[in-house]
Asks: 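Sharing a structure here in structure tokens format.
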Amino acid sequence: MKKYEKVTKADYERWYRENEEYRRRVSQDGCRLSYHLMPETGWLNDPNGLCQFHGIYHIYFQYTPFEPSGQIKLWGHYTTEDFIHYTDCGPVLFPDQDFDAHGVYSGSAFIEDDVIHYFYTGNVKYFDRNDYDYIMTGRGSNTVHCTSRDGVHFSTKELLMTNADYPADISAHVRDPKIIKKDGIYYMALGARDVHDKGMVLLYRSEDLKHWNSYSRITTGESFGYMWECPDLFYLDGRLCLICCPQGVEPDGMDYWDAQQCTVMMLEYDFTPGQCSPDAIKDIRVVDRGFDFYAPQTFLDERGRRILIAWMGTAGTDYTNPTAAAGWQHALTLPRVLHVKNGRLIQQPVEELKNLRKNSSTCSLPCESGCRSGIIYEAELVFSRCETMCAQLRNSVLLSYEAGLLTLDMGSAGSGRKRRYLKLNGLHSLRIFSDTTSLEIFVNGGEETFTTRVYDGVLPEGEIQLTINGICEGTLTLHELNGVSWMQDH
């Protein structure tokens, strides 16, 4: 079986002591972000185990501290009370058991009776035969459980399910457990791929969070991708929503242009046994229109807000991140509050981010002469009328609107990222967050979003000229932004 070695906490601590120079080199990279979460070194991808417990937000994530290509996964851990001041707690879950020896893969948190329950996929690849394809054969996808009373110290890991516990017509690809409770019963959503390469969500049922039985499936009539990763099933504003990441969906018009998709489905499903009818899926929409958005996870905080954080990246693309040469890759999106309005998912940055603002100014639209700004800013555009609009967001990045089409053109700043399009009935507002090497754009109050990395060679302390031209009227409010603060606790 052995190809990758297990990694223990002691292994990591020894490596950390020996690699101060690596950390110093990464910290000095000019592409480091100002107010987004990123790895101290190495690779970051899916957010995991998101929760708020006794006032503290816990943000775990897939993490490879050792190198920037993401070969072996741990769970990293950041905490915050306000989304402004963060503590890096270091890795907390390691691939140190036979059932997770090749990666502590994605999972979630569920809080009950003052205990945080964690569920994740322990990944194992069997390297003893050359004919394994690691899809139908050769892969162990183990569902694992552990608990914590503080989010920092964890109980012994408990193996709940192996491939033998999944239905006979399902491939070896089963992963990313997420829990929802309804009428006193616990349901676990697992992303899956069947033997006919059809993607779906498997639902398991439990009365005690430990013993799980196969219960139901959620899928479409015709195949919609071969694998549904990172399922997240939750109620929001009276609607049952499923966010998941279908792999293998072909582009359709302006939709599904990522190498791997992220979609939201509104369901009419009452958790009866059997298969959730395809007729219960009333709509499938793209969650984000940009180049770098995948594996989002949501959680309910202590104020009752449904908050989403996603991986600001994706896999299988033909574009790149120059930061890999400096020893690190990827980041997490800003935390976003979700709502459903007129059957659509609405995303808005958490209000705490307003505390990053400084040096605000307002001007009328159009703003042809431009506003000088550092590249770390938030721009709010409110249109009383907009027939056409062209905004230069960075040195070579344009966001334009004409004939009902909103276009994000990365120019020479995309490292392979080119253009994305969105059809609108009208443009009413934009809220744009520019960090050193990222853009997050919220359209019409968060009805649509674009998330992307951007590499235009502008130094963080440099200035840009933010211009808005076109046949439009309204106001531009520009806020320069402070960065978040960090404290190390490992």
Side-chain angles (χ1 to χ4, degrees), residues 23 26-27 32-63 65 74-93 106-111 114-118 148-154 232 293 295-313 328 330-338 347-358 376 378 431 433-438 440 442 451 479 481-490:
R23 296 193 298 278
V26 170
S27 70
R32 297 290 281 177
L33 293 150
S34 175
Y35 56 88
H36 284 84
L37 304 187
M38 57 191 164
E40 183 180 19
T41 57
W43 167 284
L44 169 152
N45 59 301
D46 304 7
N48 294 153
L50 304 183
C51 62
Q52 187 183 22
F53 190 67
H54 295 173
I56 298 174
Y57 292 98
H58 294 271
I59 301 170
Y60 307 91
F61 54 93
Q62 294 284 281
Y63 186 31
L74 326 176
W75 270 25
H77 183 203
Y78 296 146
T79 61
T80 183
E81 295 183 34
D82 57 8
F83 296 114
I84 304 295
H85 304 87
Y86 286 90
T87 298
D88 181 354
C89 302
V92 292
L93 287 177
S106 289
S108 59
F110 180 82
I111 298 174
D114 214 32
V115 175
I116 311 175
H117 294 263
Y118 301 90
S148 177
R149 292 188 176 274
D150 60 6
V152 178
H153 302 92
F154 290 73
D232 192 346
F293 185 97
Q297 186 171 109
T298 77
F299 68 102
L300 203 63
D301 79 351
E302 292 168 359
R303 293 170 51 181
R305 300 182 297 180
R306 175 65 60 177
I307 296 176
L308 175 149
I309 299 175
W311 173 27
M312 194 155 61
W328 70 284
H330 301 308
L332 297 180
T333 67
L334 296 175
R336 307 174 181 187
V337 177
L338 302 185
Q347 305 176 64
Q348 289 277 15
V350 294
E351 63 182 20
E352 289 93 328
L353 297 177
K354 293 179 180 178
N355 293 321
L356 295 175
R357 293 174 176 175
K358 62 176 181 177
I376 302 169
E378 174 193 354
R431 192 173 174 192
F433 286 83
S434 173
D435 205 339
T436 52
T437 53
S438 73
E440 291 184 64
F442 298 81
T451 301
H479 312 280
L481 299 179
N482 291 306
V484 298
S485 68
W486 284 97
M487 182 175 73
Q488 294 282 351
D489 190 24
H490 69 100

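Predicted model, so just to flag it, every value in this text is computed and none were measured.
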Asks: Does Ile56 have any side-chain contact (heavy atoms from CB on, under 4.5 Å) partners at least two apart in sequence or in another chain, and if so, which?
Replies: His58, Thr79, Glu81
Asks: Of all the heavy-atom pairs spanning Val152 and Asp150, show the shortest one and how long it is.
Replies: N-OD1, 2.8 Å
Asks: Which residue pairs pass the salt bridge (Lys or Arg N to Asp or Glu O under 4.0 Å) test when at least one of the two sits in residues 347-358, sequence neighbours left out?
Replies: Arg303-Glu351, Arg303-Glu352, Arg305-Glu352, Arg357-Glu378, Arg357-Glu380
Asks: Got a donor-acceptor contact below 3.5 angstrom from the Glu302 side chain to the Gly55 backbone?
Replies: yes
Asks: Taking ring-ring contact (aromatic ring centres under 6.0 Å, His included) as the definition, give me every residue that meets it alongside His490, ordered by chain and number, with sequence neighbours left out.
Replies: Tyr16
Asks: Not counting sequence neighbours, which residues clear side chain to side chain donor-acceptor pair (under 3.5 Å) with Arg32? List them please.
Replies: none
Asks: Partners of Gln62 by side chain to side chain donor-acceptor pair (under 3.5 Å), sequence neighbours excluded?
Replies: Asn48
Asks: For Tyr78, check ring-ring contact (aromatic ring centres under 6.0 Å, His included) against everything at least two apart and list the hits.
Replies: Phe61, Trp486
Asks: Just how far is it from atom SG of Cys51 to atom CD1 of Ile59, taken to the nearest 0.5 Å?
Replies: 9.5 Å
Asks: Distance check, rounded to the nearest 0.5 Å: Leu334 atom CG versus Leu37 atom CG?
Replies: 9.0 Å
Asks: Please state whether the rings of Tyr57 and Phe83 are parallel, tilted or perpendicular, taking 30° and 60° as the class boundaries.
Replies: tilted
Asks: Do the side chain of Gln297 and the main chain of Gly107 share a donor and acceptor less than 3.5 angstrom apart?
Replies: yes
Asks: Among residues at least two apart in sequence or on other chains, which ones pass ring-ring contact (aromatic ring centres under 6.0 Å, His included) with His479?
Replies: none
Asks: Taking atom CG of Asn45 and atom CG of Leu332, what is their separation to the nearest 0.5 Å?
Replies: 9.5 Å
Asks: If the condition is ring-ring contact (aromatic ring centres under 6.0 Å, His included), which residues does Phe110 pass it with, not counting sequence neighbours?
Replies: Tyr186
Asks: Between His54 and Asp114, do the side chains contain a donor N or O and an acceptor N or O under 3.5 Å apart?
Replies: yes
Asks: Would you please name every residue forming a side chain to side chain donor-acceptor pair (under 3.5 Å) with Tyr63, sequence neighbours left out?
Replies: none
Asks: Nearest 0.5 Å, what's the CD1-CG distance between Ile307 and Asp301?
Replies: 4.0 Å
Asks: Which atoms form the tightest heavy-atom contact between Tyr35 and Ser434, and what is the distance?
Replies: OH-O, 2.9 Å
Asks: At their closest point, which heavy atom of Phe53 faces which heavy atom of Arg149, and how far apart are they?
Replies: CE2-O, 3.2 Å
Asks: Mind checking the CD-CG spacing from Glu440 to Leu353? Nearest 0.5 Å is all I need.
Replies: 9.0 Å
Asks: Under a plain distance cut-off of 3.5 Å, with no hydrogens placed, do Asp46 and Ser106 share a side-chain donor-acceptor pair?
Replies: yes
Asks: Who are the side-chain contact (heavy atoms from CB on, under 4.5 Å) partners of Leu308, not counting sequence neighbours?
Replies: Ile243, Phe293, Pro296, Thr298, Ala310, Arg336, Leu338, Gln347
Asks: Once side chain to side chain donor-acceptor pair (under 3.5 Å) is applied, do any residues pair with Thr41, and if so which ones, sequence neighbours excluded?
Replies: none
Asks: List the atom of Gly151, the atom of His77, and the distance in Å for their closest heavy-atom pair.
Replies: O-CE1, 3.1 Å
Asks: With sequence neighbours excluded, tell me which residues meet side-chain contact (heavy atoms from CB on, under 4.5 Å) with Ser34.
Replies: Ile376, Asp435
Asks: So which heavy atom on Leu33 is nearest to which on Thr436, and how close?
Replies: CA-OG1, 3.3 Å
